[in-house]
Amino acid sequence: MSTLSPGLRPPPVRPAAAAAAPEPPAARFRLSPADRGVLWLYLLTRISLWITAHFARWLFPAQSGVREAAPVLAPFQHWDANHYLHLARDGYFPAGAGPGASGWDNREAFFPGYPLLLRAVHTVVPDWTAAGLLISFVAGAVAVLALARIARAYLPEEGAGHRTAVLFLLSPCAVFLAAGYTEALFLAFALPAWLAAMKHRWALAAVLTTFGTAVRVSGLFLAAAIGLLFLLSARAGRHWRSAGWTLLPALPPAAYSWYLHAHTGDWMAWKHAQERGWYRTFHPPWEAWANTWTGAFGGTQSTGYAFMFQAELAAMVVGLALVALLVRRRRWPEAVYVALSLWALGTSYWYTSVPRATLLWWPLWIGLAALSLRRPWFRTAYLCVAAPVTTLVALTFLTGRWAG
């Protein structure tokens, strides 16, 4: 008897002949009624978020007493979005500046995939912020469609894809899928890559993962998971001739490290920039937990920052529980992906951006969808908790207050 939970059940393994049979190219891009329903849901949630952003610039001005609302796109011009804008506009080392210069913003901490695409889209869309929002809008549609298809492959219940998309798009940090951040673009590569790997299209999975590693270091975690999935499939009788493709995703990080070394003499300049700017120096996991706990409950931070540290702790607990469940259900590739993400985020001075990272853990949303399909009360409970938290995080970001 299988030990796998129905909610995390892998798709059935096809016979070798069926696995080799190519899928008609047109079928890969054809939208089913279920796909169209997911895209309509995506569009409606985008409209809802844009309405929230519109009212936020009127009701929560940056300064009291102002008589005009902020510009239309001002709610999205915060934090990392500005880093990517400066990178796309000025490059990594403008006018010879670099690490050690006065006021240096540690921009080399950010991988080049998103800034390069932003610069390209800017040639068509003159406004930088609008160009970033367009990237996230298109990429988010691709990502949520791929997520729904993955969910339908894992879950037998009717409406599994739609349910997964609902929980994902109304998740607490969903605002970052619409902002000029890398989450939507990364998922637009990562989720189709995983879908391709599930169907043993290793070349396509490797190429998509390679684009993902150009966008975020998380792409390397995805590459490790797909590599393990390949090994498990090969052990089950798959062909080994595609093994070389699993090395392709290492090229963008290697090329970026070479570029940074040529300008700074430091092969790990991107990592050292993260350490300088975001306290990502290595600390044992228990020290990182203790430091975050102090920030959350020790009275050392203002109430707003304390709340964010509390959210970091909660997200870490969710991630650890997810890894434990995946290991228990023998979902080794997914467990490796989430575990590597947690290790990278959980070994800094304190936790930063763990809630935002939950967007990248697709097994979480599929597992929650499975639970809600079998326990109808869970969907109601989830939405009752997620709706106010999602709104709060969105307003925190859209009004320029820190939201990690």
Which residues pass the side chain to side chain donor-acceptor pair (under 3.5 Å) test with H261, not counting sequence neighbours?
W267
Closest approach of A344 and R280, non-hydrogen atoms and distance?
O-NH1, 4.5 Å
What pairs with T182 under side chain to side chain donor-acceptor pair (under 3.5 Å), at least two apart in sequence or on another chain?
R216
Residue pairs, two or more places apart or on separate chains, that pass side-chain hydrogen bond (donor to acceptor under 3.5 Å, both in side chains) and touch residues 31-46
S32-D35, D35-R149, D35-R152
Partners of S348 by side chain to side chain donor-acceptor pair (under 3.5 Å), sequence neighbours excluded?
none
In the structure I gave you, are the side-chain heavy atoms of L345 and T352 within less than 4.5 Å of one another anywhere?
no
Are the charged groups of D90 and R119 less than 4.0 angstrom apart, N to O?
no
For W289, the side chain to side chain donor-acceptor pair (under 3.5 Å) test, sequence neighbours excluded, returns none
For the pair F111 and Y256, name the ring-plane relationship: parallel under 30°, tilted 30 to 60°, perpendicular over 60°.
tilted
Would the F397 and Y181 ring centres measure less than 6.0 Å apart?
yes
Are the ring centres of W278 and Y349 closer than 6.0 Å?
no
Distance in Å, L147 CG paired with T164 OG1, rounded so as to fall on 0.5 Å steps:
6.0 Å
Under 3.5 Å donor-acceptor pairs involving side-chain atoms of residues 188-198, not counting sequence neighbours:
none

Ring pair (Phe, Tyr, Trp, His ring centres under 6.0 Å) evaluation trace for W50 with F137
CA-CA 11 Å; W50 296 332; F137 177 74; 5.7 Å; yes
